[in-house]
2 protein chains.
Amino acid sequence: MTIEQRMRASLPSLTRAERQAATHILSHFPMSALGSITMLASAAEVSAPTVVRLVQKLGFKGYADYQAALRAEVGRLLAAPSALPGQAPRLHPMQAFAAQAIANIQMTLDQIAAPEFDAAAALLADPGRHVAIMGGRLTHAHAGYMATLLRVIRPGVTCVSDHPTGWQQALLDLRTGDVVVIFDIRRYEANAIHMAELAARQGARIVLVTDHGLSPAAGYAHHILPCRITMPAAWDSTVTILMLVEALLGRVQGHCADQVQDRLNRLEDVFAKTRIFRTPTPER
Amino acid sequence: MTIEQRMRASLPSLTRAERQAATHILSHFPMSALGSITMLASAAEVSAPTVVRLVQKLGFKGYADYQAALRAEVGRLLAAPSALPGQAPRLHPMQAFAAQAIANIQMTLDQIAAPEFDAAAALLADPGRHVAIMGGRLTHAHAGYMATLLRVIRPGVTCVSDHPTGWQQALLDLRTGDVVVIFDIRRYEANAIHMAELAARQGARIVLVTDHGLSPAAGYAHHILPCRITMPAAWDSTVTILMLVEALLGRVQGHCADQVQDRLNRLEDVFAKTRIFRTPTPER
DNA sequence: AATGAAATGAAAAATTCTTGACAGAACGCA
DNA sequence: TGCGTTCTGTCAAGAATTTTTCATTTCATT
């Protein structure tokens, strides 16, 4: 068990100040512990003795002992960053899953043409076009996520409800040149196909995020972004879809970086006023 | 220019003992600088003053100054492994994004303890416990996705609304032994912390999915699953969070595979009847 | 070989760091 | 409210570390 995990595990059994110190250490791992206890303590806004008591609770003799152990661990980590050769004979299911997810991401990259990706990003970055985003049963969450973040970048973003009438109503507001992003993966849904067809008739540009099998809506789409989603499990994995969404958003942001900063600042302001987020001062 | 490069560059202009020290440092980079100058000097078989003179030639004020700079550099290196110098020959932004996402997934794996993961999955698989899932502004979509899929596996799953009163109402139904899954990543939200605290008081088991910075809610959580989310961009990436969610779901399904099949069949039936999905016949 | 400049390490001095003791503060409980 | 427990920061002593000083060695040059 690594020191980091040990500290994480004992987090609940610590006192307030100790937990404050531990949280700081963990969130700046392992940087924080490589310096002197004085620096660490002041950075975490606790006293040095508190840090000593913390590491003693973790089973170390003192700060020096703790630091020596940590140094050894960091050294090991840097020497072999995650890819230890010749082992991993019995993979944990979590690791097997991650390996497949990584493979999917890489295959997705090979599959998607860069011009297609860029074109889709350019469409989304055009402030003159409204953007409507629609997902299916499994991809509704992705649509919502994309809408939330895209709204930070630019105005005029709608997340089409998955209520039976939601997408039909969205068609009402659709004008020529608007962008409709449709997520539709295996177990392709009739909604998506109809939406694509009708939106295309109204002159909208259709961006379709689908799986390798290609949604039937592909026939109406102007830009198709296929993702690898197959897993050696009962379900598919939508990790690649989320990655694609975030990559798109990053590209869109690149297109309109100047506006974004202003919008971000205003957003911060709103959040500060509504006190949704905790204040800079740590909990108490 | 990194410290390592600087040292390598100035190698020829050093004296014998200094070069001996520098060679030792470079061949054990960056471990060497984590310890005291005394240890380093004896390991390199030179005197401590020689090391001081070496780092002063490199432009540092003294050993302490040098060590602080090196720590900062190592910290940067560990935070963004894909930012390793000397590679990346003009990748497409999409590829750069994917590379970082993959790195994040791998680092997340190293960070999460398998027992922690398994324990969380076991909790979620226990049909005797209700499960409430709650996300923040950015992670609400993930919470919804998890709830959607978890409901396929087992009954008794609630997705807590992010309306101001939603999570408070969810507390009403909470019984001892129930499971509360909380997503809370950077820009930690007060909601999550309060929910964790109150739910813990009511005897619920708290599973916290957070970032490496550790949500303040960690103090109340019984199982902490930290994900790497940092990206070399304006935003963080929640890809690893989704991967973790899906990996968890896969594990949960493994625990109750028999029940799932039955539920899946009934689900298919329901969908067929409501005609949400298109029929097996291709489109048109 | 002799000389002087540069380099090196030993030891002392100065600084910084760690940790134990103590007292005030916070908290739970009756 | 009052009491006892636990927690936490301040302080100071002791330990360790860094840095300066200085004597010795090495090496090139005359």
Side-chain angles (χ1 to χ4, degrees), chain A residues 3 7 10-25 28 30-72 281-284, chain B residues 3 7 10-25 28 30-72 193-194 197-198 200-203 216 218-220:
Chain A
I3 295 173
M7 187 173 289
S10 61
L11 216 49
S13 67
L14 298 176
T15 67
R16 179 194 58 79
E18 285 167 359
R19 189 156 53 227
Q20 192 174 321
T23 304
H24 177 92
I25 291 174
H28 297 79
M31 267 273 294
S32 47
L34 269 41
S36 75
I37 195 174
T38 315
M39 280 195 258
L40 172 56
S42 71
E45 294 178 340
V46 297
S47 69
T50 298
V51 178
V52 173
R53 287 186 282 257
L54 165 64
V55 299
Q56 282 174 344
K57 275 192 183 173
L58 259 60
F60 297 100
K61 196 161 172 296
Y63 188 76
D65 184 32
Y66 158 75
Q67 205 175 35
L70 191 63
R71 262 199 298 270
T281 330
E283 76 279 16
R284 189 138 314 200
Chain B
I3 294 173
M7 187 173 290
S10 61
L11 216 50
S13 67
L14 299 176
T15 67
R16 180 193 56 77
E18 284 168 359
R19 191 157 47 232
Q20 190 175 324
T23 305
H24 177 90
I25 291 174
H28 294 80
M31 262 284 286
S32 42
L34 303 180
S36 72
I37 194 175
T38 317
M39 280 194 254
L40 172 56
S42 72
E45 295 180 337
V46 297
S47 68
T50 299
V51 178
V52 174
R53 285 186 285 260
L54 165 62
V55 299
Q56 281 174 343
K57 276 191 184 173
L58 258 61
F60 298 101
K61 198 162 171 294
Y63 187 75
D65 184 33
Y66 159 76
Q67 205 175 36
L70 193 61
R71 260 199 300 270
I193 304 159
H194 291 150
E197 181 178 358
L198 295 175
R201 286 223 187 123
Q202 292 194 27
Y220 307 107

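Note that these values count all heavy atoms, side chains included, but never hydrogens, waters or copies made by symmetry.
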About how many Å separate [atom2] of [Y] and [atom1] of [X], when rounded to the nearest 0.5 Å?
X: B/Gln20; Y: B/Leu54; atom1: CD; atom2: CG; answer: 11.5 Å
X: B/Thr23; Y: B/His28; atom1: OG1; atom2: NE2; answer: 11.0 Å
X: B/His194; Y: B/Tyr220; atom1: NE2; atom2: OH; answer: 8.0 Å
X: A/Ser42; Y: A/Ile37; atom1: OG; atom2: CD1; answer: 11.0 Å

Atom-to-atom span, [atom1] of [X] to [atom2] of [N] - whole angstrom:
X: B/Arg16; N: C/dA7; atom1: CZ; atom2: P; value: 11 Å
X: B/Arg19; N: C/dA7; atom1: CZ; atom2: P; value: 11 Å
X: A/Leu14; N: D/dT6; atom1: CG; atom2: P; value: 16 Å
X: B/Tyr66; N: D/dT19; atom1: OH; atom2: P; value: 13 Å

Practice item. Would you please test A/Ser47 and A/Thr50 for side chain to side chain donor-acceptor pair (under 3.5 Å) and show each step? Key: CA-CA 5 Å; A/Ser47 69; A/Thr50 298; 3.0 Å; yes
**Study point:** Non-hydrogen atoms of A/Ala44 and A/Ala21 that approach each other most closely
**Key:**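 In this case the closest contact between A/Ala44 and A/Ala21 is CB-CA, 4.1 Å.
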Point to revise | Minimum heavy-atom distance between B/Leu14 and B/Arg19, given as atom pair plus value | key: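 Residues B/Leu14 and B/Arg19, closest heavy atoms: O-NH1, 3.1 Å.
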Check your understanding: Got B/Thr15 and B/Lys57 here, is their nearest side-chain heavy-atom distance under 4.5 Å?
Key ->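 Yes, their side chains come closer than 4.5 Å.
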**Study point:** Polar side-chain atom of B/Ser10 near backbone of B/Ser13 as donor-acceptor pair, under 3.5 Å
**Key:**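 A pair under 3.5 Å: no.
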Check your understanding: Looking at residues 52-64 of chain B, who's got a heavy atom less than 4.0 Å off DNA chain D?
Key ->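 Here the set is B/Val52, B/Gly62, B/Tyr63, B/Ala64.
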Point to revise | Near-strand residues of residues 37-47 of chain B, defined as heavy-atom separation under 4.0 angstrom from DNA chain D | key: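 Per residue number, the list reads B/Ile37, B/Thr38.
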Check your understanding: Do any side-chain nitrogens or oxygens of A/Ser36 fall under 4.0 Å of OP1 or OP2 in C/dC17?
Key ->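 Answer yes for this pair, as a side-chain N or O of A/Ser36 is under 4.0 Å from OP1 or OP2.
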Exercise for review: Look at A/Thr50 and D/dC7 and indicate whether a side-chain polar atom (N or O) is within less than 4.0 Å of OP1 or OP2.
Suggested key: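 No, because none of the side-chain N or O atoms of A/Thr50 sits under 4.0 Å from OP1 or OP2 of D/dC7.
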Exercise for review: Go through D/dT8, C/dT8, D/dT10 for me and flag the one nearest to the B/Glu18 side chain.
Suggested key: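 Taking heavy atoms from C-beta onward, the closest nucleotide is C/dT8.
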Check your understanding: After noting the C-alpha distance and the side-chain angles of A/Val51 and A/His24, does the key distance pass the side-chain contact (heavy atoms from CB on, under 4.5 Å) rule?
Key -> CA-CA 11 Å; A/Val51 178; A/His24 177 92; over 6 Å; no
Might you list the N or O atoms of the protein lying below 3.5 Å from N or O atoms in nucleotides 14-16 of chain D, with each pair's distance?
none

Check your understanding: Per the end-axis method with five pairs at each terminus, what is the bend angle of the helix from C/dA1-D/dT30 to C/dA30-D/dT1, to 10°?
Key ->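 Result, rounded to 10 degrees: 20°.
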Output a table of donor-acceptor pairs, distance under 3.5 Å, between side-chain atoms of residues 65-72 of chain A and any protein atom two or more places apart or on a different chain; print 'none' if there are none.
residue, atom, partner, partner atom, Å
A/Asp65, OD2, A/Lys61, N, 2.9
A/Gln67, NE2, A/Ala33, O, 3.1
A/Gln67, NE2, A/Leu34, O, 3.4
A/Gln67, NE2, A/Gly35, O, 2.7
A/Arg71, NH1, B/Leu34, O, 2.9

Protein-nucleotides 25-30 of chain C N/O pairs under 3.5 Å:
none

